[in-house]
There are 2 protein chains.
Amino acid sequence: MYSMDESCTVYKTIDFISKKWSLLILLEIYKSSEGKKRYSEIKNNLIDITPKVLSARLKELEKEGLITKNIDASSFPVKSEYELTKIGIDFISIIKDIKNWALRWKINNKVCERLDCKNCDL
Amino acid sequence: MYSMDESCTVYKTIDFISKKWSLLILLEIYKSSEGKKRYSEIKNNLIDITPKVLSARLKELEKEGLITKNIDASSFPVKSEYELTKIGIDFISIIKDIKNWALRWKINNKVCERLDCKNCDL
DNA sequence: CCGGATCCTCTGCGATACTG
DNA sequence: CAGTATCGCAGAGGATCCGG
C-alpha cells in the first residue's frame, strides 16, 4: 500500500519531480553548451516562468542535489550560474525516456518549431 | 528555446505527468495482480488522495490513452475497473527508472515499511 | 454499500512591481 | 542581474452528500 509516508525516498522523489517546471529547468541547464546556465538565461528561455517560481525550483533542485549554484562576484553585476551535478546528469536520461515515450505513442506528434525541442539531442 | 507552445507533444507530456498523483495512480493500477484496479482500491491505497482529485486524474489518464475504464454492471452495486493500456504499460518503465535513480543517489534511502514499495517488482 | 459530485477552505502558482 | 514583496486566483485538500 502506498501511503503518504514522508520518509519514503521513492515517494519524495516522485513528489518533487512532479512540481511544475522542475523537469523543464533541468532540461534547460542540460542543453547549455558548457553545462552551465545563468538565472536570466533560464528565465528567458522558459518564457512563461515567473521569477518567484524559478527561484523556488532552483533552491529545491539544489537541495535535492541535482544542481549546484556558483556565484561569480568578480564583476558587476553579480552573476549566478547553475550547473548539473552527476546526480542531475544521471536524471536527464529519464527525461529523454519521457520524450521518446511521448513521440512513440502520441498522435499528431509535434515538437515546437521555434524551440530546439526538435534539434536538441534528447 | 523551450517556449510554452501548447501544441508541443513533449511539453504537453511533461506537463500532464507532472500533475500530482498521476504517477502514483499508474503505479497502483500496475501493481494489481490482474492488471485491473477498482476506484475504491486505488483510493484506499493512496490514503491521502481525495475523491475529487482521483476522479479528475483518472479521466485525464484515460483521455491521454494510458488507462481504460470498464464498468461492471452485472452485479450490484456497479463497479468501475481501471486497466493499463499498452501505452500505460510502456510508461511504467519510466517510473521504474525514477525509483532506481532515487535509490541510487539519495542518502538515507528508505522505502516505506508498511507499503509494498519495498517488495513490489519495480 | 460504491463511485463519484458538491461545497468550502487553503496552499501553490501566476502576474506585476520593486530592490540590493 | 538576480532575485524578493505583494496581491490575486486556480487547483488541491477536507468533509459531506447523493444516485444507483
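Note: hydrogens, waters and symmetry copies are ignored here, and every other heavy atom, side chains too, is used. Residue numbering restarts at 1 for every chain, and letters A, B, ... go by the order of the sequence lines.
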Report summary line: Taking D:dG13, D:dA2, C:dG3 as options, the one with an atom nearest any side-chain atom of A:K79 is D:dA2
Query raised in the report: Which nucleotide, C:dA15, C:dC13, D:dG13, lies nearest any side-chain atom of A:T50?
Result: C:dA15
Report summary line: dist B:L66:CG -> B:I25:CD1 (nearest 0.5 Å) comes out at 11.5 Å
Query - Between D:dC1 (P) and A:K43 (NZ): distance, integer Å - result: 10 Å
Report task. Take A:K19 and A:P77, find for each the nucleotide of DNA chain C with the closest heavy atom, and name the residue whose nucleotide sits nearer the 5' end. Result -> A:K19
Report task. In whole angstrom, give the distance that lies between atom CG of B:D72 and atom C1' of C:dG3. Result -> 13 Å
Report task. Using atom types as modelled and distance alone, determine if a side-chain donor or acceptor of A:E64 lies under 3.5 Å from a backbone N or O of A:L61. Result -> no
Query raised in the report: Are OP1 or OP2 of D:dT4 and a side-chain N or O of A:Y39 less than 4.0 angstrom apart?
Result: no
Report summary line: In whole angstroms, the gap separating P of D:dG3 from CZ of A:F76 amounts to 14 Å
Query - Point-to-point distance, once rounded to the nearest 0.5 Å, from CD1 of A:I71 to OH of A:Y82 - result: 7.5 Å
Report summary line: Winner on side-chain proximity to A:R38, out of C:dG4, D:dC1, C:dC13, is D:dC1
Report task. May I have the step-by-step check of salt bridge (Lys or Arg N to Asp or Glu O under 4.0 Å) for A:R57 and A:E60, ending in yes or no? Result -> CA-CA 5 Å; A:R57 291 295 170 278; A:E60 290 165 6; 3.3 Å; yes
Query raised in the report: Would you say D:dA2 has OP1 or OP2 under 4.0 Å from some side-chain N or O of A:K59?
Result: no
Report task. Measure the distance from CD1 on A:I49 to C1' on D:dT4 and round it to the nearest whole Å. Result -> 16 Å
Report task. In whole angstrom, give the distance that lies between atom CG of A:D48 and atom P of C:dA15. Result -> 6 Å
**Report entry** Nucleotide C:dG12, atom P - distance to CZ of A:F16 in whole Å
**Finding:** 16 Å
Query raised in the report: So does B:K52 reach the base of D:dG13 with its side chain, donor to acceptor, closer than 3.5 Å?
Result: yes
Requested in this report: Scan A:S40 against the nucleic acid and name what it touches under 4.0 Å (heavy atoms): base, sugar-phosphate only, or nothing.
Outcome: sugar-phosphate
Query raised in the report: For DNA chain D, whose closest nucleotide is more 5', that of B:E60 or that of B:P51?
Result: B:E60
Query raised in the report: Are the charged groups of B:K69 and B:E81 less than 4.0 angstrom apart, N to O?
Result: no
Requested in this report: Verify whether one side chain among A:E28 and A:N45 offers a donor that lies under 3.5 Å from an acceptor in the other.
Outcome: yes
Report task. Please name the residue in the list A:L84, A:I89, A:I95 that meets the side-chain contact (heavy atoms from CB on, under 4.5 Å) test with A:Y30. Result -> A:L84
Requested in this report: Rounding to 10 degrees, work out the angle separating the end axes of the helix from C:dC1-D:dG20 to C:dG20-D:dC1 (five pairs an end).
Outcome: 30°
Report task. Starting from C1' on C:dC13, measure out to CG on B:D15 and report it in whole angstrom. Result -> 12 Å
Query - Proximal nucleotide (of D:dG13, C:dG3, D:dG3) relative to the B:W21 side chain - result: D:dG13
Query raised in the report: Roughly how many Å is it from CG in A:L54 to P in D:dA5, rounded to a whole number?
Result: 16 Å
Query raised in the report: Given C:dG14, is OP1 or OP2 found less than 4.0 Å from the side-chain N or O atoms of A:K20?
Result: yes
Query raised in the report: Counting N and O atoms only, with roles assigned by atom type, does the side chain of B:N44 sit under 3.5 Å from a partner on the main chain of B:S40, one being a donor and the other an acceptor?
Result: yes
**Report entry** Short side-chain N/O contact to D:dG3 OP1/OP2 from A:S80, under 4.0 Å
**Finding:** yes
